[in-house]
Amino acid sequence: MRIRRFEAEDTAGLISLYREAVRRIGPVAYTPEQIAAWSVYPQDHDEFRRRLARGFTLVVEEAGALKAFAGLEPEGFVAFVYTSADCCRKGVGSVLLAGLERHAAACGITMLRTEASLISHRFFLKHGYRVEKMLHLVHFGVPMDWYCMEKSLAAPEMRPRFS
């Protein structure tokens with residue numbers, strides 16, 4: 001497997017990977033209606049390409065096939081960590097998230113945030129993120145629950161102390 005930066009030509013493949021991940025992994029925690037609504041995104045390929053390009057996006061490919069991707073938006077929002085079903089729970093997402101965190105730290109970002117699904121929130125907890133609040137969203141007309149989570153990248157001696 002090779003990890004590299006996102007290229008515009010990856011867009012269609014990443015949309016397919018995203019939708020496949022939602023459809024194959026999503027049933028663990030979501031209803032068929034929720035999965036159908038979730039997998040509609042992204043509808044606009046150009047907007048998705050621009051979103052991935054404006055941040056720091058890593059992709060994993062193997063034998064020419066895209067297997068995973070993760071994206072960090074410039075303000076420190078972890079927008080995506082998606083793996084194909086055959087890469088799920090094999091450490092690929094962890095490697096990508098670590099790459100995003102290293103990049104964020106190098107850019108001086110001290111706080112990362114994400115909106116995690118009912119499935120991925122355990123992944124983020126394992127990597128030191130904490131739940132700020134539960135989100136009750138309507139996604140393409142269907143109610144869905146997500147977790148608003150964050151992680152401080154500041155060194156322990158730099159974190160505020162409360163007495």
Side-chain angles (χ1 to χ4, degrees), residues 1-101 103 112-127 129 131-151:
M1 287 191 179
R2 183 182 101 146
I3 299 173
R4 62 171 174 76
R5 292 284 305 268
F6 165 77
E7 298 169 0
E9 303 80 39
D10 298 328
T11 305
L14 294 183
I15 290 170
S16 294
L17 188 147
Y18 174 93
R19 290 178 176 163
E20 180 234 348
V22 169
R23 290 178 184 133
R24 291 189 61 194
I25 301 167
V28 171
Y30 290 97
T31 68
E33 295 78 21
Q34 290 171 319
I35 292 164
W38 187 3
S39 65
V40 167
Y41 181 81
Q43 293 179 310
D44 183 333
H45 288 217
D46 288 334
E47 184 279 327
F48 190 63
R49 177 187 43 76
R50 285 190 300 273
R51 185 175 183 189
L52 295 176
R54 82 171 163 251
F56 179 74
T57 302
L58 296 172
V59 300
V60 173
E61 68 177 338
E62 182 177 50
L66 299 174
K67 295 292 188 174
F69 73 106
L72 176 70
E73 294 184 348
E75 66 281 357
F77 183 78
V78 178
F80 304 100
V81 180
Y82 283 84
T83 66
S84 62
D86 61 324
C87 287
C88 188
R89 298 187 162 276
K90 294 186 178 171
V92 176
S94 296
V95 170
L96 290 176
L97 183 60
L100 297 184
E101 291 179 356
H103 178 79
L112 293 179
R113 291 182 171 74
T114 194
E115 291 175 0
S117 70
L118 298 176
I119 301 164
S120 67
H121 91 281
R122 289 184 298 259
F123 167 81
F124 284 102
L125 286 171
K126 179 177 128 183
H127 291 286
Y129 288 71
V131 174
E132 283 294 299
K133 64 182 176 182
M134 192 73 166
L135 298 173
H136 306 289
L137 306 173
V138 176
H139 193 66
F140 292 99
V142 177
M144 297 181 74
D145 291 333
W146 297 82
Y147 292 93
C148 188
M149 301 179 77
E150 68 179 17
K151 178 181 182 177

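Side chains are part of it too, since the values below use all heavy atoms of this structure and drop only hydrogens, waters and symmetry mates.
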Would L72 and L112 count as a side chain to side chain contact (heavy atoms under 4.5 Å, CB included) here? Give the steps.
CA-CA 9 Å; L72 176 70; L112 293 179; 3.7 Å; yes
Candidate pair F6 and T11, rule side chain to side chain contact (heavy atoms under 4.5 Å, CB included), full reasoning
CA-CA 8 Å; F6 165 77; T11 305; 3.6 Å; yes
For I119 against A29, the heavy-atom pair lying closest together
CG1-CB, 3.7 Å
Check step by step if side chain to side chain contact (heavy atoms under 4.5 Å, CB included) holds for M134 and L118.
CA-CA 10 Å; M134 192 73 166; L118 298 176; 3.7 Å; yes
Side chain of Y30, backbone of D145: donor and acceptor closer than 3.5 Å?
yes
K126 vs S94, side chain to side chain contact (heavy atoms under 4.5 Å, CB included): CA-CA, chis, key distance, verdict
CA-CA 10 Å; K126 179 177 128 183; S94 296; 4.1 Å; yes
Considering all heavy atoms of both residues, which atom of V22 and which atom of P27 are nearest to each other, and what is their separation?
O-CD, 3.8 Å
Check salt bridge (Lys or Arg N to Asp or Glu O under 4.0 Å) between R113 and all other residues, then give those that pass, not counting sequence neighbours.
E150
Quick one: salt bridge (Lys or Arg N to Asp or Glu O under 4.0 Å) partners of E132, sequence neighbours excluded?
R130
Contacts of Y82 meeting ring pair (Phe, Tyr, Trp, His ring centres under 6.0 Å) (sequence neighbours excluded), chain-then-number -> Y18, F69
Would you list the pairs meeting salt bridge (Lys or Arg N to Asp or Glu O under 4.0 Å) in which at least one residue belongs to residues 11-20, sequence neighbours left out?
E20-R24
Identify the two heavy atoms, one from R5 and one from G55, that lie closest to each other, and give their separation to 0.1 Å.
NH2-O, 3.9 Å
Pairing residues for F48 by the ring pair (Phe, Tyr, Trp, His ring centres under 6.0 Å) criterion, not counting sequence neighbours:
Y41, F80
Contact summary for A37 and V142, nearest pair of heavy atoms
CB-CG2, 3.6 Å
So does F123 get a backbone contact from the side chain of S120, meaning a donor-acceptor N/O pair under 3.5 Å?
no
Please list, chain by chain and in numerical order, all residues satisfying side chain to side chain donor-acceptor pair (under 3.5 Å) with E33, sequence neighbours excluded.
T31
